[in-house]
Engineer: 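The following block contains the structure, expressed as structure tokens.
Just so you know, these numbers come straight off a predicted model, no measurement behind them.
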Protein chains: 2
Amino acid sequence: MAKRETARDDLLAALAEVFRAHGYEGATLSLISEATGFGKGSLYNFFPGGKEQMANEVLAAIDCWFNEKIYTPLRTASDPAKGIVEMYAATSDYFRSGQRVCLVGVVALGASRDLFSGKVKVYFAGWVDALAAALRRLGDGTAEARRKAEQAVLEIQGALVLARAFDDPKVFSRALKESERRLLAT
Amino acid sequence: MAKRETARDDLLAALAEVFRAHGYEGATLSLISEATGFGKGSLYNFFPGGKEQMANEVLAAIDCWFNEKIYTPLRTASDPAKGIVEMYAATSDYFRSGQRVCLVGVVALGASRDLFSGKVKVYFAGWVDALAAALRRLGDGTAEARRKAEQAVLEIQGALVLARAFDDPKVFSRALKESERRLLAT
DNA sequence: GTCTATAAAGCGATAGAC
DNA sequence: GTCTATCGCTTTATAGAC
């Protein structure tokens, strides 16, 4: 996390937005070049592996962000219930109330899934596991905690689909609020 | 629905599988040509509008199928609860227990959303509305029925994402079973 | 109605000047 | 480290033979 990595992190953030907006197949090098301000030559200097390496590093950066900002707090919060509340808040922020898509979810549904299946699994497993850990600390049994955690993650992904389909952020906000309420009830 | 339309329906079904497997951007004419057995010339004879027309007709056919097999039964079943049970069964069949993706959901999340936003909205609105109608017949108020219906459709879409991410049909089956149980409770 | 051949544009990726 | 020029290939789409 040294300062000299900031430049690459910024670049990865810009790349992530292009992949989110156009998907892996649709994110052409021309679009990437335009969005990042770098020529193709520079891009291949940063990522000798081309588009595939770009996407792999973007997915790794996303996983890293979620680990740091969501999964770890969820596991270590002194009050697990507060950790869950903060998870929903951070999730809503991250996805801009449903106007920003989940790149990992898009990849999971898309044709490029096979290329990145490892990273996709790690991302979702990390989320479900961290949430299940918090629920166990709230008193749920192992199986019940896992079931509820899976359900919550699934609701977030479904809310993103429906919010995009209806082009209505309120669908997302409403769904997340309900999901949080249900998860913390009893 | 005349018999002479069957050939085009079969063609649209084959096209749908290509779009599901590769997404709109990834479904190249070469892939489509291979999957359908028609040369590019023939494809442009059937669909002068090219790929965009193909996708539009595929989405229309999907909407038609859901209307006929799911939305209408949901509205007209003499027993609304039975209609809901059958909706979940038909949904699980249609998506092959989560191994088949929802093309409309994929389009909603993808870059081609703007091209097909009308059809995407109609599909999901049709589903939510039909399900809400069944729930009202079961005694729910307008707002409550709509809320529950939206939640159920969202759960189905989320279950597809998670099942694909984990590459595990059981995730889908479990989620649908739970969703059905919750919807029919009380 | 179906094909092959081909056009024109865009793709990912590379080479080499600076 | 960044660029322009370019390669070889694939893309969508069209033209024209059969």
Engineer: Using a strict 4.0 Å threshold on nitrogen-to-oxygen distance, state whether D140(B) and R147(B) make a salt bridge.
Structural biologist: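 So D140(B) does not pair with R147(B) through a salt bridge.
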Engineer: So if you build clusters from Ile, Leu, Val, Met, Phe, Trp, Tyr with side-chain heavy-atom gaps below 4.5 Å, do V122(A) and L74(A) land together?
Structural biologist: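 V122(A) does not cluster with L74(A).
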Engineer: What integer distance in Å separates N45(B):CG from dT2(C):C1'?
Structural biologist: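 Interatomic distance, CG of N45(B) to C1' of dT2(C): 8 Å.
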Engineer: Inspect the contact between E178(B) and R174(B) and indicate whether a charged nitrogen and a carboxylate oxygen are less than 4.0 angstrom apart.
Structural biologist: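 E178(B) and R174(B): not salt-bridged.
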Engineer: Could you give the CZ-to-C1' distance, from F46(A) to dC3(D), as a whole number of Å?
Structural biologist: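 My rounded result for the distance is 13 Å.
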Engineer: In whole Å, I'd like the distance from the CG atom of L11(A) to the C1' atom of dT2(D).
Structural biologist: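 Rounded to whole Å, this separation is 13 Å.
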Engineer: Heavy atoms under 4.0 Å, any strand shown: does G37(B) hit a base, just sugar-phosphate, or nothing?
Structural biologist: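 Counting heavy atoms under 4.0 Å across all strands, the contact made by G37(B) is with sugar-phosphate only.
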Engineer: Sequence neighbours excluded, which residues qualify as side chain to side chain donor-acceptor pair (under 3.5 Å) partners of K119(B)?
Structural biologist: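 Only N56(B) meet the side chain to side chain donor-acceptor pair (under 3.5 Å) criterion with K119(B).
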Engineer: Validate the cation-pi geometry between R164(B) and F172(B): distance from NZ or CZ to the six-membered ring centre under 6.0 Å, angle to the ring axis within 45°.
Structural biologist: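 No, cation not above the ring by the 6.0 Å, 45° rule.
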Engineer: Give the rounded distance in Å between these two atoms: CG of L115(B) and P of dT12(D).
Structural biologist: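 Whole-Å distance recorded here is 14 Å.
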Engineer: For each nucleotide in nucleotides 9-16 of chain C, reading 5' to 3', give B when a protein heavy atom comes within less than 4.0 Å of its base, S when such contact involves only the sugar-phosphate, and - otherwise.
Structural biologist: --SSBB--
Engineer: Can you tell me if the side-chain N/O atoms of S42(B) get under 4.0 Å from OP1 or OP2 in dC3(C)?
Structural biologist: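 Result: yes.
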Engineer: What's the CG-P distance between L43(B) and dA13(D), to the nearest Å?
Structural biologist: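 Distance, rounded to whole Å: 11 Å.
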Engineer: In terms of ring plane angle, is the pair W127(B) and F95(B) parallel, tilted or perpendicular, where the classes change at 30° and 60°?
Structural biologist: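 Parallel, since the angle between the ring planes stays under 30°.
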